[in-house]
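Any value given below was found using the heavy atoms of this structure, including those in side chains, with hydrogens, waters and symmetry copies removed. Just so we're clear, the structure is a prediction, and the values are computed from it rather than from any experiment.
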Amino acid sequence: MTKLTSFDAFRIGPKHRLADIKPNLKTFKLGGKKEERAQLEVLALELNDLQNRLYAEGQRKVLLVLQGMDTSGKDGTIRWVFSRTSPLGVRVSAFKAPSAQEKARDFLWRCHAVVPAAGELTVWNRSHYEDVLVPVVEGWISKEQTQQRYEHINHFEKLLTDTGTTIVKCMLHISKDEQRSRLQNRLDDPEKNWKFAPEDLTARAKWSDYQQAYDDLLNATSTSYAPWYVIPADDKRQRNLLIAQLLNSTLQRMDMQLPPAAPGLQDVVIE
C-alpha cells in the first residue's frame with residue numbers, strides 16, 4: 001500500500017476557518033503532471049482493491065460527501081479518484097435543488113433513500129449541506145432554524161455511524177480568482193458551454209456570504225464521528241491526490257476482512 005500523508009492540517013477543529021487553509025496549497029511535490037497522474041493511478045488501483053474488500057465483507061458502509069462552490073471540482077474528483085474502481089459497489093448521488101415532492105417533507109427526507117447499503121461506497125455530489133447554505137445565504141430560514149438544522153444533521157450522521165457507516169466529508173476549497181478562470185473557460189470553450197449556468201454568477205456575487213455560511217456549518221457539524229476536511233482545490237491534480245489518499249487511508253483503517261471460504265473448498269478440483 002502507498003504511504004499516506006497526515007490529514008490533521010486539513011481537519012476542521014474548534015473555531016477553524018476556511019481562511020486558515022490556502023486553496024492553492026500544494027501538498028504533494030512529485031515532480032510534475034506526469035508524476036502526479038502516475039501516483040493517482042496507483043491510488044486509484046489501491047482504492048479498487050479496498051472497495052472490493054468492503055463489498056466482499058458486506059457488513060459496513062462508506063459515505064464520501066463532496067461539497068464546494070461551483071467549479072470546485074466535485075465531478076472531476078469523482079471521475080479521477082474512482083477511475084479504476086468497479087461500479088459494482090460504488091454509487092454516486094447528485095443533489096440538485098429540491099423538487100416539489102422533496103420540499104413537502106423534512107429536508108433530510110431525500111437523504112435517507114440514498115445512504116449506502118452494506119458493502120457499498122456511496123459518493124454524494126453535494127449533499128444535505130445544501131440545506132444550510134442556499135437557504136441561509138438567501139435568508140429563507142432564520143438563525144434559529146439554521147441551528148436546528150445543524151443539530152438534525154449531527155443526529156442524522158450519528159445514526160449512520162452507529163449503524164456501520166464511515167463518513168468522510170470533504171469541502172473543496174477554491175479561490176474566487178480560480179473560480180473566475182474556470183467559469184470563463186466554460187464560456188470560451190463551446191464544448192463546455194453546457195456546464196455554464198447563470199445561477200453560477202448569482203452565487204458568485206454572494207461569495208463572502210457563502211464563505212461565511214461554510215465557516216459556520218463546518219464548525220457546527222465537524223464531529224468526532226463525522227469530521228470535515230477542507231481540501232485545497234485550486235490545483236485539480238493535488239485535490240484529487242489528497243482526496244484519494246484520505247479515502248484510501250480511511251478504508252485501510254477499517255481493516256476489512258474477506259468472508260471465510262465454504263467448508264471443504266480447498267479440496268475442490270475443477271475438471
Side-chain angles (χ1 to χ4, degrees), residues 10 12 17-26 63-82 92-99 102-103 107 110-111 114 122-141 146 149 153 168-219 221 228-244 246:
F10 305 101
I12 291 295
R17 293 179 56 80
L18 283 176
D20 295 334
I21 297 179
K22 295 181 180 180
N24 63 350
L25 183 66
K26 294 189 177 183
L63 173 61
L64 173 64
V65 175
L66 298 177
Q67 278 290 152
M69 296 290 287
D70 297 317
T71 77
S72 59
K74 296 173 289 294
D75 292 343
T77 296
I78 295 169
R79 184 180 306 113
W80 284 98
V81 172
F82 295 94
V92 177
S93 293
F95 284 72
K96 306 294 184 181
S99 65
E102 291 166 345
K103 287 181 180 179
F107 78 98
R110 62 177 177 168
C111 302
V114 291
T122 294
V123 185
W124 284 1
N125 185 338
R126 300 186 187 272
S127 66
H128 46 317
Y129 286 98
E130 290 297 300
D131 294 291
V132 284
L133 283 169
V134 179
V136 171
V137 172
E138 297 299 332
W140 298 338
I141 59 176
T146 303
R149 288 191 176 190
I153 286 172
V168 181
K169 300 187 297 191
C170 295
M171 190 279 177
L172 310 187
H173 185 30
I174 189 175
S175 66
K176 192 174 183 181
D177 283 345
E178 180 62 21
Q179 189 198 56
R180 180 202 59 75
S181 177
R182 293 182 188 181
L183 286 173
Q184 190 64 52
N185 180 255
R186 290 180 179 182
L187 289 170
D188 295 343
D189 186 347
E191 294 293 323
K192 296 181 179 180
N193 286 172
W194 64 273
K195 292 184 177 183
F196 182 83
E199 294 80 14
D200 297 343
L201 298 182
T202 302
R204 179 173 169 80
K206 299 179 179 180
W207 182 271
S208 296
D209 294 334
Y210 273 101
Q211 296 299 293
Q212 184 60 58
Y214 265 113
D215 269 334
D216 292 342
L217 78 83
L218 291 171
N219 279 281
T221 61
W228 271 107
Y229 295 89
V230 175
I231 307 297
D234 275 9
D235 187 297
K236 298 177 182 179
R237 291 189 302 277
Q238 293 278 321
R239 174 202 69 207
N240 295 339
L241 282 166
L242 188 55
I243 293 177
L246 174 59

Trainee: Would you say the side-chain atoms of Lys236 pair up with the backbone N or O of Gly73, donor to acceptor, closer than 3.5 Å?
Mentor: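 Such a contact is absent between Lys236 side chain and Gly73 backbone.
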Trainee: Under the 3.5 angstrom rule, does the side chain of Asp20 hit a backbone N or O of Arg17 as a donor-acceptor pair?
Mentor: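 Yes, Asp20 side chain to Arg17 backbone: donor-acceptor pair under 3.5 Å.
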Trainee: Can you measure from CD (Glu178) to CG (Leu183) and round to the nearest 0.5 angstrom?
Mentor: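 Answer rounded to 0.5 Å: 10.0 Å.
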Trainee: Taking C-beta and beyond as the side chain, do Phe82 and Thr77 meet within less than 4.5 Å on heavy atoms?
Mentor: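 The answer is no, as the side chains (C-beta and beyond) never meet within the 4.5 Å cut-off.
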Trainee: Can you give me the closest heavy-atom contact between Asp131 and Arg149, atom names plus distance?
Mentor: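 Of all heavy-atom pairs spanning Asp131 and Arg149, the closest is O-NH1, 2.8 Å.
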Trainee: Find the distance between NZ (Lys26) and CG (Leu242) and round it off to the nearest 0.5 Å.
Mentor: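 Going from NZ on Lys26 over to CG on Leu242, the span is 14.0 Å.
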Trainee: Quick check on side chain to side chain contact (heavy atoms under 4.5 Å, CB included): which of Asn24, Ile174, Leu25, Leu172 does Pro232 satisfy it with?
Mentor: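 When side chain to side chain contact (heavy atoms under 4.5 Å, CB included) is applied between Pro232 and each of Asn24, Ile174, Leu25, Leu172, only Leu25 qualifies.
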Trainee: Is it the case that the side chain of Tyr129 and the backbone of Tyr214 share a donor-acceptor pair, with hydrogens and angles ignored and the cut-off at 3.5 Å?
Mentor: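 Such a contact is absent between Tyr129 side chain and Tyr214 backbone.
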Trainee: Are Gln67 and Leu217 side-chain neighbours, meaning at least one heavy-atom pair lies under 4.5 Å?
Mentor: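 Sidechains of Leu217 and Gln67: no contact.
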Trainee: Side chains of Lys169 and Ile12: does their closest heavy-atom pair fall under 4.5 Å?
Mentor: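 Lys169 vs Ile12: side chains apart.
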Trainee: Decide if atom NZ of Lys176 counts as having more than 12 heavy atoms of other residues, nucleotides or ligands within a radius under 6.0 Å.
Mentor: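 Yes, because the 6.0 Å sphere around NZ of Lys176 holds more than 12 heavy atoms from other groups.
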Trainee: Between Arg110 and Pro98, is any pair of side-chain heavy atoms under 4.5 Å apart?
Mentor: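 The answer is yes; the side chains approach within 4.5 Å.
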Trainee: How far does CD1 of Ile231 sit from CD of Gln238, to the nearest 0.5 angstrom?
Mentor: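 Reported value, rounded in 0.5 Å steps: 11.5 Å.
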Trainee: Return the CD1 to OG distance between Ile153 and Ser127, rounded to the nearest 0.5 Å.
Mentor: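 The distance works out to 7.5 Å.
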Trainee: Could you tell me whether the side chain of Val114 reaches within less than 4.5 Å of the side chain of Phe95, counting heavy atoms only?
Mentor: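 A side-chain contact exists here, since the closest heavy-atom pair is under 4.5 Å.
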Trainee: Provide the closest heavy-atom pair for Glu130 versus Pro135 in the form atom of the first, atom of the second, distance.
Mentor: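 Closest pair (atom of Glu130, atom of Pro135, distance): O-CD, 3.2 Å.
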Trainee: Which heavy-atom pair separates His173 from Leu18 by the least distance, and what is that distance?
Mentor: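 Heavy atoms only, the tightest pair is NE2-O, 3.2 Å.
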Trainee: Tell me if a side-chain donor or acceptor on Asp188 pairs with a main-chain N or O of Asn185 at a distance below 3.5 Å.
Mentor: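 Here the side-chain-to-backbone pair does not exist.
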Trainee: As an exercise, state the distance from OG1 of Thr71 to CZ of Arg180, rounded to the nearest 0.5 Å.
Mentor: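 One finds 11.0 Å between OG1 of Thr71 and CZ of Arg180.
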Trainee: Report the C-alpha separation of Asp215 and Gln211 in whole Å, then their side-chain angles, then the decisive distance to 0.1 Å, and conclude whether the side chain to side chain donor-acceptor pair (under 3.5 Å) test is met.
Mentor: CA-CA 6 Å; Asp215 269 334; Gln211 296 299 293; over 6 Å; no
Trainee: Check whether any side-chain heavy atom of Phe196 lies under 4.5 Å from a side-chain heavy atom of Leu201, and answer yes or no.
Mentor: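 Yes - at least one pair of side-chain heavy atoms lies under 4.5 Å apart.
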Trainee: Rounded to the nearest 0.5 Å, how far apart are CE of Met171 and OG of Ser72?
Mentor: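 Result: 7.0 Å between the selected atoms.
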Trainee: Less than 4.5 Å apart, any side-chain heavy atom of Cys111 and any of Trp124?
Mentor: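 The answer is yes, as the side chains (C-beta and beyond) meet within the 4.5 Å cut-off.
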Trainee: Before giving the answer on side chain to side chain contact (heavy atoms under 4.5 Å, CB included), spell out for Asn219 and Trp228 the whole-Å C-alpha distance, their side-chain angles and the decisive distance to 0.1 Å.
Mentor: CA-CA 9 Å; Asn219 279 281; Trp228 271 107; over 6 Å; no
Trainee: Identify whether the distance between the nearest side-chain nitrogen and carboxylate oxygen of Arg126 and Asp70 falls below 4.0 Å.
Mentor: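 Salt bridge: yes.
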Trainee: Judged by atom type as modelled, is there a donor-acceptor pair below 3.5 Å linking the side chain of Glu102 to the main-chain atoms of Ser99?
Mentor: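 Side chain of Glu102 to backbone of Ser99: a pair is present.
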Trainee: Find out whether Cys170 and Leu66 are in side-chain contact, i.e. whether some heavy atom of one side chain is under 4.5 Å from a heavy atom of the other.
Mentor: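 Counting from C-beta outward, Cys170 and Leu66 do come under 4.5 Å.
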Trainee: Checking Lys206 now: which residues fulfil salt bridge (Lys or Arg N to Asp or Glu O under 4.0 Å) with it, not counting sequence neighbours?
Mentor: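 Only Glu138 meet the salt bridge (Lys or Arg N to Asp or Glu O under 4.0 Å) criterion with Lys206.
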Trainee: Look at the side chain of Arg204 and the backbone N and O of Met69, then say whether any donor-acceptor pair between them is shorter than 3.5 Å.
Mentor: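 Not confirmed, Arg204 side chain does not pair with Met69 backbone.
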